[in-house]
Amino acid sequence: MPRNCSNFEIPSFARAEAYNFDTTPETFDIYRELNAIAEEIEECRARNS
């Protein structure tokens, strides 16, 4: 069956919903650790470039 080309569909540029991160004191330790890992990776990249 042929596609109906009489309707022009415009893609939506709506923003995706933001993630709702858990902000309990226990999870802050996880975020701190992940941030420390990211900083160490940045330092290694800077050293190797």
Identify, with sequence neighbours excluded, every residue that meets salt bridge (charged side-chain N to carboxylate O under 4.0 Å, His left out) alongside Arg32.
Asp29

Residues 42-49, side-chain donor-acceptor partners within the protein, below 3.5 Å, at least two apart:
{"residue": "Asn48", "atom": "ND2", "partner": "Cys44", "partner atom": "O", "Å": "3.1"}
{"residue": "Ser49", "atom": "OG", "partner": "Arg45", "partner atom": "O", "Å": "3.2"}
{"residue": "Ser49", "atom": "OG", "partner": "Ala46", "partner atom": "O", "Å": "3.2"}

OG1 of Thr27 to CG of Leu34: how many Å apart, nearest 0.5 Å?
10.5 Å

Contacts of type side-chain contact (heavy atoms from CB on, under 4.5 Å), residue Ile37, not counting sequence neighbours:
Glu33, Ile41

